[in-house]
Amino acid sequence: MKRYIVFLKQVPRSTRVEIDPVTKTLKRSSALTQTNPDDLHALQAALDLRQNTGAEVVAVSMGPASAEAVLREALQYGADRAVLLSSPAFAGSDTWCTSLVLASAVRRIGDYDILFFGRMAIDGDTAQVGPEVAGQLDIPQVTCLSSIHEVKGNWLVADKKAGSLLQRVEIETPCAVMVSRENGELACPTLSGWRRAQRQEVIRWDEGDLQLDGKVVGLYASPTKVVSTDVPQTAKEIRWLSSGSSVAEIIDKCVDSLS
Amino acid sequence: MNNDTSFALRVLKERCTGCGLCADTCAYNAIKFADVPEIDSYACRLCGSCVQACPAGALQISEPETGKTAVPQEETKGIWVLAEVEDGCLAPVARELLGKAVVLSEKLHHDVEAVLIGGNVSACASELIAYGARRVRIVEHESLAAFIEENYACELVRLVRECRPEILLVGATPRGRGLSARMAALLQTGLTADCTELDIDSDTGLLLQIRPAFGGNLMATIKTPAHRPQMASVRPGVMKASEPDYSRSGEVVYADVSKVSSDRRIRLIRETVEASCGDSLENSRIVVGIGRGVKSLDMVNRIREWAARFGAVVAGSRAAVEAGLIDAHMQVGQTGHAISPDLYIAIGISGQIQHTAALAGAKKIIAINPDRTAPIFGIADYGWAVSAEEALSQLTAGGL
Ligand SMILES: Cc1cc2nc3c(=O)[nH]c(=O)nc-3n(C[C@H](O)[C@H](O)[C@H](O)COP(=O)(O)OP(=O)(O)OC[C@H]3O[C@@H](n4cnc5c(N)ncnc54)[C@H](O)[C@@H]3O)c2cc1C
Ligand code: SF4
Ligand code: SF4
């Protein structure tokens, strides 16, 4: 029996706080959440591959209780099982600690072939978690997956992309792949999938279930510390222009200095 | 609800005015509001946005009692730059990182060192010395000829463990990202992504890693107090290289490669190098950026014709990409390219930090937007407060 584990993160629907132009108050809409877009593509890639291999697909998310919504969605799309990793001890984890929690969940689930990650989460924006989990588990990684060709026994044949460098590789499982929105279309959840999801349970694990000491994860244990946040400096002096010809002049001057 | 007093985010009730701003700011819905805010510690991700938003200073994220001042046990030395080589040539970001490393070394008094890894890379060493490296460490072996992340990470981690640098800077390039994250995991240290500024804290000597933060409207300053090396990645085009000086001398050290082996779990079947379109963008001297203020493809075409007259490349914001006005590979911003042209002309771009963070290296910026309060004017050298339509009709009228 093969097993794929897909990692999905709940992110704010908008990462921008907006001001309502009419009432001049902050818009509440910022509190809406969604599944990180790349992660749905990771799920799709796992489900597509399952058609050929018959693997079990397990969806995993670390986050607050509300992140169950992300896992419900994954079940509707067709995931077989879902696990929510939730505890105040996890709050404030940087990518290293996040990866430690996720890697511990992988160990507890056990017997896996491929880990599917989104390339990047739109709120933290680091694209580090997938490769860090692969590093912590010491398994090979496909950082920027273009496409999966086939699975031959314990080997995955895949195309990967690193900027201008395109590679076709054979990678031994267990391994990790990072999937992005560029990887193709999403299928829609089916009615039967939706019905089945209604009956399924989301498993919930905290640090105890993962046999982790609460002190090795979360804000305090994270190697990186956010020490301050500031509004960006905008000290630049601006010169206002009033016509297209002044723009043309600046361009002319720049073109002259370049030649 | 959980009002756990041991949770790192605390409400100082005596300061709170009950304005409710914090609850509105929280993108994770972690603040429930009665008379005073209550933090749901299961939902809170400790992102710090509410602390920043509170006008009364009533919210605090407390520092841990222990670990705060913990200093690494082992002695470390050197500010390292991982120098990426592409097709036998040094990637521009390597020179940019060296420029920054030299500035940092003036405050921290550690040597600047560059690391080269690959099958045949030693030819780049003299260039690295000219750009500021005091020492170049070379990890050269035929089995490193192909870029296989697992092999590179393994060898670099070995070298880092042996030499223990204080700081390790990497380019946030398609290759550098996955490699550096894997290395950080193996080295059990922190890695700050996409820094737009780096500095040394004068009190502690720690690397201050500054990056655009969650919410997009904030810059976060991040430190790595107790883990080494302090790792940070920087996008190409963000830092400035210094002038090369080929008369400088430096040391070249070859790392022991007797233990190099390739990971048997990865077999490279074939490899091709694609001519990348993004290159033209990162190297362009004049770039015209379009945003949602440009309303139609017809306008985009007119802008292209106009830009071609003075040899500019046309790129766009994420909004323009999402509106189908510009190809995704020509996106300038946090999730696209960072650029450092001599002149950037922003047409109909509002100037969200995700976009402007990628313009840190631009020498001059002209912003065209009808809204005088648009954030783009905050970073522009020249502003012209007109609509894209109006601007275009005036600009294309004259025969520039
Ligand atoms: C202002 C600010 C700045 C930060 N900067 C840094 C920094 O520079 N370095 C750093 O180490 N940390 C940083 N962090 C912490 C970082 O945001 C968190 O560690 C976050 O949990 C994971 O990072 P990410 O969102 O960038 O995920 P990414 O690495 O972009 O995510 C990639 C993929 O990993 C999987 N994944 C990620 N998180 C989860 C999850 N919770 N559950 C399931 N799957 C998941 C998903 O498949 C996702 O698509 C910062 C936090 C803040 C508030
Ligand atoms: S720290 Fe962030 S997640 Fe926590 S309550 Fe404040 S705004 Fe919400
Ligand atoms: S923003 Fe500050 S003052 Fe206003 S309700 Fe929140 S904690 Fe109180």
Side-chain angles (χ1 to χ4, degrees), chain A residues 12 15-17 26 28 30-31 64-66 86 88 91-92 94 96 99 123 125-128 131-132 134-136 140-141 143-144 162-172 219-220 223-230 232 234 236 238-241 243-245 247-248 250-251 254-255 258, chain B residues 7-8 24-25 27 29 41-46 48 52 64 67 150 174-175 177-178 181-182 185-186 189-193 213-216 218-224 227 265-274 276 285 310 342-343 353 366 377-380 382-384 394-395 398 400:
Chain A
T15 51
R16 233 179 273 148
V17 181
L26 289 159
R28 278 257 177 193
S30 60
S66 67
S86 194
D94 71 352
W96 198 86
S99 310
D123 57 343
D125 242 4
T126 66
Q128 287 173 190
E132 289 199 33
Q136 293 201 14
Q141 68 193 55
T143 301
C144 214
S164 58
L165 183 70
L166 309 177
Q167 295 178 328
R168 174 163 299 178
V169 287
E170 272 180 357
I171 286 200
E172 194 175 15
L219 182 74
Y220 296 160
T224 62
K225 312 258 182 239
V226 178
V227 289
S228 65
T229 50
D230 301 290
T234 51
K236 233 179 189 177
I238 189 165
R239 272 198 26 217
W240 292 99
L241 310 173
S243 71
S245 54
V247 173
I250 300 165
I251 296 173
C254 179
V255 172
L258 290 176
Chain B
F7 194 64
D24 284 339
T25 309
N29 227 345
S41 57
Y42 278 85
C44 172
R45 315 233 178 150
L46 291 170
Q52 179 72 32
E150 293 78 359
R175 296 185 203 191
R177 269 177 193 287
R182 189 175 177 94
L186 295 170
T189 189
L191 170 59
T192 301
F214 167 85
L218 301 175
M219 298 300 283
T221 304
I222 295 174
K223 285 185 196 167
T224 312
H227 298 72
R265 299 170 299 179
I266 301 113
R267 300 184 194 137
L268 183 63
I269 302 174
R270 64 161 183 263
E271 180 172 276
T272 47
V273 178
E274 185 185 56
S276 81
R285 296 334 310 161
F310 49 93
D342 289 279
L343 180 62
I353 184 81
I366 305 178
F377 290 123
I379 60 146
Y382 303 97
W384 187 18
Q394 285 198 35
L395 290 169
L400 180 90

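When reading the values below, keep in mind they use all heavy atoms of this one structure, side chains included, and skip hydrogens, waters and symmetry mates. Remember, it's a predicted structure, so these values are computed and weren't measured experimentally. Just so we're on the same page: letters track the sequence lines, and every chain starts at 1.
Using a 4.5 Å cut-off between heavy atoms, Thr126(A) touches chain B through backbone and side chain atoms alike. Of the two parts of Trp240(A), the backbone and the side chain both hold a non-hydrogen atom closer than 4.5 Å to a non-hydrogen atom of chain B. Only the side chain of Ile366(B) comes within contact range of chain A, judged by heavy atoms closer than 4.5 Å. With a 4.5 angstrom heavy-atom cutoff, Arg177(B) touches chain A only via side-chain atoms.
Heavy atoms only, all atoms of each residue included: Tyr220(A) and Ala8(B) are closest at OH-CB, 3.6 Å. In terms of heavy atoms, Pro223(A) sits closest to Gly190(B) at CB-N, 3.3 Å. When every heavy atom of Ala220(B) is checked against every heavy atom of Val226(A), the shortest pair comes out as CB-CG1, 4.1 Å. What you find for Val169(A) and Ile269(B) is that their closest heavy atoms are C-CD1, 4.1 Å. Contact between Ala162(A) and Arg175(B) at its shortest, heavy atoms only, is CB-CG, 3.8 Å. The two atoms that bring Thr192(B) and Gln128(A) nearest to each other are C-OE1, 4.2 Å, heavy atoms only.
Most heavy-atom pairs under 4.5 Å with chain B: of the set Pro140(A), Ala134(A), Ala91(A), this distinction falls to Pro140(A). Contact count versus chain A (heavy atoms, under 4.5 Å) is highest, among Leu186(B), Thr224(B), Asp342(B), for Thr224(B). The candidate from Arg168(A), Gln136(A), Glu132(A) with the greatest count of non-hydrogen atom pairs under 4.5 Å with chain B is Arg168(A). Ranked by heavy-atom pairs under 4.5 Å with chain A, the first of Arg267(B), Glu271(B), Arg270(B) is Arg267(B). In terms of heavy-atom pairs under 4.5 Å with chain B, the best-connected choice from Val255(A), Leu165(A), Asp125(A) is Leu165(A).
Taking CD1 from Ile238(A) and CD1 from Ile379(B), the interatomic distance works out to 9.5 Å, rounded to the nearest 0.5 Å.
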Evaluation steps, side-chain contact (heavy atoms from CB on, under 4.5 Å), between Asp94(A) and Ile222(B) | CA-CA 11 Å; Asp94(A) 71 352; Ile222(B) 295 174; over 6 Å; no
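Put simply, the side chain of Glu150(B) gets close to the backbone of Gln141(A): a donor and an acceptor are under 3.5 Å apart.
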